[in-house]
Number of protein chains: 2
Amino acid sequence: MKMTPQRVAIMDFLDGNQAHPSADDIFSSVRKRFPSMSFATVYNTLERLRGEGQLMEVSIDPARKRYDPDTRPHHHIICSGCGAVADIHREFDLSVPQEERGGFSIDSNHVEFYGLCPKCT
Amino acid sequence: MKMTPQRVAIMDFLDGNQAHPSADDIFSSVRKRFPSMSFATVYNTLERLRGEGQLMEVSIDPARKRYDPDTRPHHHIICSGCGAVADIHREFDLSVPQEERGGFSIDSNHVEFYGLCPKCT
DNA sequence: GTTTTTGCTAGAATCATTCTTAACTTAGAA
DNA sequence: TTCTAAGTTAAGAATGATTCTAGCAAAAAC
């Protein structure tokens, strides 16, 4: 993967970012340094990073995709008020007996918690 | 809520439906009986039913909203192959210690399991 | 029966995302 | 250097889901 300035800027923005930004959040921020930045570049880079396992797409927000640079398996808590998302790093016992799996095999899981963030409480 | 023929048709389609249909699935099916049916009517009715608690919106599919007439709290398993969704009716111990909640309050949760459905296995 | 409210259709508008195309950059070959 | 090929970008068009708007029709309220 060629490290172009645009890609570096996107990766810098994502690095350590715990806000679970949307493509638009990333675009808006990186655009400040690269006013000519295109939306396509953001999506292309995100898809590329996802393919390389450096990034996770999280389907948490029904309106848009959110991206998470923390690729370790973990869970999320979503604020019902403002949509803020935080990580929950904790393992749960989520075993499902064979007969309750409806014939599906299971190989991973993800828990979404809903509640209110400190600001919305 | 006024029971118009269109609404009855939509509710009939949803009643007992375990396929977690999208708005388009509902539209396509109900349209057979009501060729003049409009998409707006589907969305309006779904939003109305949701408001009355007769329906849940499930953010399981990143591409589109899915609807579930089973409003009891339960979890889902999603086929990574074809996107099929099945219910998991089982309770898990998902307590999170105060100090791991990042200041959020928690009032509900939802588990997504990923795997392969019988057809895709 | 007239007025008011509600719901319907059709299509336009919006918004996120994907696709297409042409220009550009860079590395390496000649 | 010059040329070429591969990979990248910008711009904007295309797509697809969802929401909005306007006008008409039907039902409910008066």
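The structure displayed is predicted, hence computed values, not measured ones. All chains are named by letter (A, B, ...) in the order of the sequence lines, taking the proteins before the strands, and each is independently numbered beginning at 1.
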Can you tell me how far CD of Glu57(A) sits from CG of Leu49(A), rounded to the nearest 0.5 angstrom?
12.0 Å
In the 5'-to-3' direction, what one-character label does each nucleotide of nucleotides 13-30 of chain D receive under the scheme B = base within less than 4.0 Å of a protein heavy atom, S = sugar-phosphate only, - = no such atom?
----SBBB----------
With heavy atoms of chain A within less than 4.0 Å as the criterion, where does contact along DNA chain C begin and end?
dA16(C) to dC19(C)
Interatomic distance, Asp68(B) atom CG to Arg72(B) atom CZ [nearest 0.5 angstrom]:
9.5 Å
Describe the nucleic acid contact of Thr41(B) in one word from base, sugar-phosphate, nothing, applying a heavy-atom distance below 4.0 Å.
base
Thr4(A) side chain near dT9(D) phosphate (N/O to OP1/OP2, under 4.0 Å)
yes
Parallel under 30°, tilted from 30 to 60°, perpendicular over 60°: which one fits the rings of His20(B) and His74(B)?
tilted
Classify the angle between the aromatic ring planes of Phe113(A) and Phe92(A) as parallel (below 30°), tilted (30 to 60°) or perpendicular (above 60°).
tilted
Minimum side-chain heavy-atom gap Ser59(A)-Ser59(B) below 4.5 Å:
no
Considering only heavy atoms from C-beta outward, does the side chain of Phe34(B) approach that of Pro5(B) to under 4.5 Å?
yes
Is it the case that the side chains of His75(B) and Asn109(A) hold a donor-acceptor pair, with the cut-off being a distance below 3.5 Å and no angle test?
no
Counting only side-chain nitrogens and oxygens, does Ser38(A) get under 4.0 Å of the OP1 or OP2 atom of dA11(D)?
no
Reckon Arg7(A) has a side-chain N or O less than 4.0 Å from the OP1 or OP2 of dT9(D)?
yes
What about Ile106(B) and Val111(B), same hydrophobic cluster or not, with Ile/Leu/Val/Met/Phe/Trp/Tyr joined at side-chain heavy-atom distances under 4.5 Å?
yes
